[in-house]
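Naming: A, B, ... by sequence-line order, numbering from 1 per chain. Note that the structure is predicted; figures quoted are calculated from it, not measured.
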Protein chains: 2
Amino acid sequence: MAQQHLDPTDPTAEAVTGDALAAYLRAQATEFLRALRLHRETGGNAAVGAEESVDAARLLRRSARRISGSLHTFRPLLDPDWSEEMRPELAWLSGTLGLEHAYGARLERLLLALHRLSGALVFPGQTVAAPAAVTAAAGSRASGAARVRAAAPVHAGGPADPAPTAERGTLTVGAAKAGALLERQLTLARTRAHSTALQALGSSRFHAVADKVAVLASEVPLTPTAPTTGLHPQAAAAEERLTAAVAALPLLTAGHPYNAEALVHGLSPDPSPHPQDGPWHQVRLLLRLHRYAREVLHAGNAPVDVRLLAAGQALNRHRDASEAAAAAAQAARTPRIAPATAYALGVLHADQRHEVEAARFAFQQAWQKETVEAV
Amino acid sequence: MAQQHLDPTDPTAEAVTGDALAAYLRAQATEFLRALRLHRETGGNAAVGAEESVDAARLLRRSARRISGSLHTFRPLLDPDWSEEMRPELAWLSGTLGLEHAYGARLERLLLALHRLSGALVFPGQTVAAPAAVTAAAGSRASGAARVRAAAPVHAGGPADPAPTAERGTLTVGAAKAGALLERQLTLARTRAHSTALQALGSSRFHAVADKVAVLASEVPLTPTAPTTGLHPQAAAAEERLTAAVAALPLLTAGHPYNAEALVHGLSPDPSPHPQDGPWHQVRLLLRLHRYAREVLHAGNAPVDVRLLAAGQALNRHRDASEAAAAAAQAARTPRIAPATAYALGVLHADQRHEVEAARFAFQQAWQKETVEAV
């Protein structure tokens, strides 16, 4: 079993102490404040969903996650009261800010899948969208297969931006209606998430977090002994939690292509039909914590670990497909929809559950690879 | 590329001539007549769909296919007029006799899939059915994965045998309704096929075929030079047609797990949405002809070629899943069905199309394997 170990032969390894953690937290706090300024400049009075505003929210989440993750992993080196107070606030913030993006990405994924399932290759009056974006979103399942993927419209615009109806010409009535239904439901959810995020950013709760992060940018509340305490035991513990969680995954099944496991509850009467996804989501979070711990140890200059990167991408895909499948199933429970719409949503749900299975296979493949370079 | 070659070092190879073909055809004709007797003893007045009658029909088809296939492959060694007249009649017969079984197997496959998709493991008041049968029918996609598959009722009875309604307790309303709809439609089709087969077996057209086969059992109309003509060129040509057809298949794509190719037209408005299946069906037929030619050359004692066997099973699964997916899509076009029913049929359709993709992957894996033993 290939495992990621912190390299004991690294001559600088022993030198990494709480000081490095403080430097990392200060740097992330500074990033947070920069993203916040960017957001106030663009998001406050710019059009809803403007690209810069989306970027700023993404950067805010990025540093909030890193601060929160480091507080968790290196808990014993930090003032416990401060740390306990800070983490849930950062989690609330990144959760609130992430929803708008998540709904948008989910809609895009489902519309791309509907077009792919309709055998539509190119759309009338539309050139193929930026290949990189399309490949990342839709072609992920065919990585390695040399063929052209269906290109579908990428909705990079705001929540009020409707898909041109002309594109629906290549779809069946059912697929078109399913697309319209999903667009209505997920656009509404996205708009609400956008408002909630704006409200959150104007709330006193947020200002309290921002003030704390501002203090963190210059002064990290380490414990008295932390500056001379090594970070390796905590980083190693984070890695162990990851490897233990991975070991508990059904990787043997996942490594058998077409094991048909992900759709086992596709028609289950159980209202929470996919408890099987939970352990994978958990590994996704633990992998992230491990990655952040590596960043702390390497002072932000951690060499790219291709294996971790591939494994993380597979788990992101797993999460996205799992949620997209749930959204399709949810839309199918809308009262008074046409049978053709429901049928298309059923095909779409199953397609996304197979994407879940494909992502597990991709994770298994990535994880089994030996680490080529030392960490 | 691993290829199946007729072994030129086999000392007996050159001795195989038209005489061997005649012996093979006589043996198959005798099998045909034996199956026919069995059918008359059991099928004539036995209950509709009795097991012996089903077996007899299967044996009739088995020898009819072998005679027909040999007439095709070794055409130049046989009286052309007789051969041209005989083949379409044998094709008609095996086609007519095969339909009843096909509808029954399709219904069983779809009901098993509905139960699997509902996460149902065992059913109230029912012990697990014969493991071998269940594994062959439903567990094919998980071969190698060590886990227990969902066991579902196997309808070995006749077309009038309904599934116990108690089993539907573990299904959602949609899945149960979809199952009932499929059962109604496919049972009707199966009953009609049964009547058609019975009519065919009582027709003068059938009696003419049976008379010809009876003559064939003692007297094979070889051409004058056939008894001393070698069979290898024709057998090699049959193999070449197979390898050429396989070479034209998209095996590179098929070899990439989760390539998402089989569902590309899952929602296509095109009324014949799966032209991509055609070349695979064609390879299935050519593989069968190659197998029969091997039987002729080895006088019925051909060593089992595991690779051919696995490839053939994968292609049978491909055909079965392709037709089951089409049946689910067809059922979804029934007027006035509930959205929940349509949704379940959509999930089922996509599931079977993924089974198509899984079968292509299995074929690719089997075909790439080197032949271990000489033919």
Side-chain angles (χ1 to χ4, degrees), chain A residues 114 116-120 141-147 149-150 170-175 178 250 252-253 255-261 263-270 273 329 332-351 353-355 357-359 361-362, chain B residues 114 116-120 141-147 150 170-175 178 250 252-253 255-261 263-270 273 329 332-351 353-355 357-359 361-362 365:
Chain A
L114 275 177
R116 174 168 48 78
L117 294 170
S118 303
R141 196 148 73 179
S143 59
R147 65 220 182 66
R149 297 293 309 203
T170 48
L171 302 185
T172 55
V173 174
L252 193 67
T253 298
H256 282 102
Y258 302 107
N259 56 70
E261 194 61 47
L263 201 54
V264 154
H265 297 277
L267 290 173
S268 168
D270 188 340
R333 286 193 279 269
T334 309
R336 288 182 301 281
I337 57 172
T341 311
Y343 176 78
L345 289 169
V347 172
L348 190 57
H349 172 76
D351 174 71
R353 291 304 303 173
H354 277 97
E355 180 79 15
E357 195 178 300
F361 177 74
Chain B
L114 275 176
R116 173 168 48 77
L117 295 171
S118 303
R141 195 147 76 178
S143 57
R147 63 219 183 68
T170 48
L171 301 185
T172 54
V173 174
L252 194 66
T253 298
H256 283 102
Y258 302 107
N259 55 69
E261 194 62 47
L263 201 55
V264 154
H265 297 278
L267 291 172
S268 167
D270 189 340
R333 285 193 281 269
T334 308
R336 290 182 299 282
I337 56 173
T341 312
Y343 176 78
L345 289 169
V347 172
L348 190 57
H349 172 76
D351 174 70
R353 289 306 301 173
H354 277 96
E355 180 78 15
E357 196 178 299
F361 177 74
Q365 296 281 301

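- Contact detail for B:H256 and A:Y258: the closest heavy-atom pair is O-OH, 4.1 Å.
- Residues B:V347 and A:G346 approach most closely at CG2-O, 3.3 Å, considering heavy atoms.
- The contact between B:A329 and chain A is made by backbone and side chain atoms together, counting heavy-atom distances below 4.5 Å.
- With contacts defined as side-chain heavy-atom distances shorter than 4.5 Å, the pair A:Y343/B:H349 qualifies.
- Between chain A and the residues B:A344, B:A342, B:A362, the most heavy-atom pairs under 4.5 angstrom are made by B:A342.
- For A:A340, there are no side-chain contact (heavy atoms from CB on, under 4.5 Å) partners at least two apart in sequence or on another chain.
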